[in-house]
Number of protein chains: 2
Amino acid sequence: MTSTQELTKNQALVFNALARAEGPLSAYTILDQLRGEGFRAPLQVYRALDKLLDYGMIHRLESINAFVACSHPHNHSHSHGMTAFAICEKCGQVSEFSDEVITGRVREWTSENGFRQSKTTIEIRGVCANCAAA
Amino acid sequence: MTSTQELTKNQALVFNALARAEGPLSAYTILDQLRGEGFRAPLQVYRALDKLLDYGMIHRLESINAFVACSHPHNHSHSHGMTAFAICEKCGQVSEFSDEVITGRVREWTSENGFRQSKTTIEIRGVCANCAAA
DNA sequence: ATCGATATGTGATGTTATTACATTAGTCAA
DNA sequence: TTGACTAATGTAATAACATCACATATCGAT
């Protein structure tokens, strides 16, 4: 389940909304964008988002309660490592990267402490190069 | 402003609620705990939390919308590095640590990309050693 | 055709956070 | 001590984010 084709109608609508967006969208922003497609209730969005998160096609940005399409959809290196996000507080743009050193250090800490990790969030808030220059 | 003495009444009440809690508390849980002290509205809690965050006495856990007292209040190594949190989804316990290697890698990425970072969130969700054993 | 699993529709509700505005308390200089 | 400024507080209303409960529909496998 990694291609748009195999998504249900609602999942595809939500994914496309995120894919064509320039930056992260909140669930309610997505809802508003899809009212024309017949969406009426938050749950229609949240259910689709949950599935898309499962499939690894989108990410949730915890620090801003928003969602983005994965920017490396065909790069499976991410599926093994942790993904970090740099979020610009001026323009809202999000840069996604994954770092093996960070991944390794987190794994060291968890195994030393017997912590069974399920999901790790790394979010850097700040101002991107473009906005810092302006 | 690093000691409890210099806090205002509301700040001290909120800080003490967090300090005596076993784990993270939501703003509304704190509000309920402090109704006996005269708290009536969310803003009383949020305003105190904002200041305590400023002072570095507490942390906000973005992935669970909750707050914890800083567990290393007298260790200023944290003020230079990034703090990571391991959050147990079974018992709610939070372990706080800071790692220079992770801090360094994040700094490398930000400086390579001209990103001016202001705050970084690292949260590991999973199951702690105690709960995994049980 | 029936069953089970998955997906959807909808209203109500629960949880988290902020806005707007009024009031009070502390600080400090003239 | 007054006035003026700043920080802190009180309160109601509202906004923003997320889930529950229940009904209905769609689809595949037997």
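Just so we're on the same page: letters track the sequence lines, and every chain starts at 1.
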Between B:Glu108 and B:Ser111, a side-chain donor and acceptor under 3.5 Å
no

Can a side-chain donor-acceptor contact be found between A:Ser63 and A:Glu123 if the only test is distance below 3.5 angstrom?
yes

May I ask you to verify whether the side chain of A:Arg47 and the base of C:dG9 hold a donor-acceptor pair under 3.5 Å?
yes

Whole-Å gap separating [atom2] ([N]) and [atom1] ([X]):
| X | N | atom1 | atom2 | value |
| --- | --- | --- | --- | --- |
| A:Leu49 | D:dC17 | CG | C1' | 12 Å |
| A:Lys9 | C:dT8 | NZ | P | 8 Å |
| A:Lys51 | C:dT6 | NZ | P | 7 Å |
| B:Tyr46 | D:dC17 | OH | C1' | 11 Å |
| B:Asn65 | D:dC17 | CG | C1' | 9 Å |
| B:Asp54 | D:dA7 | CG | P | 12 Å |
| A:Asn10 | C:dT6 | CG | C1' | 13 Å |
| A:Ile64 | D:dA16 | CD1 | P | 15 Å |

Tell me whether B:Glu112 at atom CD has more than 12 heavy atoms from other residues, nucleotides or ligands lying less than 6.0 Å away.
yes

Quick one: on DNA chain D, does A:Thr29 or B:Ala41 contact a more 5' nucleotide (nearest heavy atom)?
B:Ala41

Name the closest nucleotide to the [X] side chain, picking from [options].
| X | options | result |
| --- | --- | --- |
| A:Gln44 | C:dT8, D:dA18, C:dG9 | C:dG9 |
| B:Leu43 | D:dA18, D:dT19, D:dT11 | D:dT11 |
| B:Ala27 | C:dT10, C:dA17, C:dA7 | C:dA17 |
| B:Gln11 | C:dT10, C:dT18, D:dT9 | D:dT9 |
| A:Tyr55 | D:dC20, C:dA7, D:dA18 | C:dA7 |

Are B:Phe85 and B:His59 close enough that their ring centres sit under 6.0 Å apart?
yes

For A:Tyr28 and D:dC17, are the ring centres under 5.5 Å apart with planes inclined under 30°?
yes

Option among A:Ile30, A:Leu31, A:Asp32 that satisfies the side chain to side chain contact (heavy atoms under 4.5 Å, CB included) test with A:Leu34
A:Ile30

For D:dA18, take OP1 and OP2 only and decide whether either is under 4.0 Å from a side-chain N or O of A:Arg60.
yes

Taking only the side-chain nitrogens and oxygens of B:Thr8, find out if one of them lies under 4.0 Å from OP1 or OP2 of D:dA8.
no

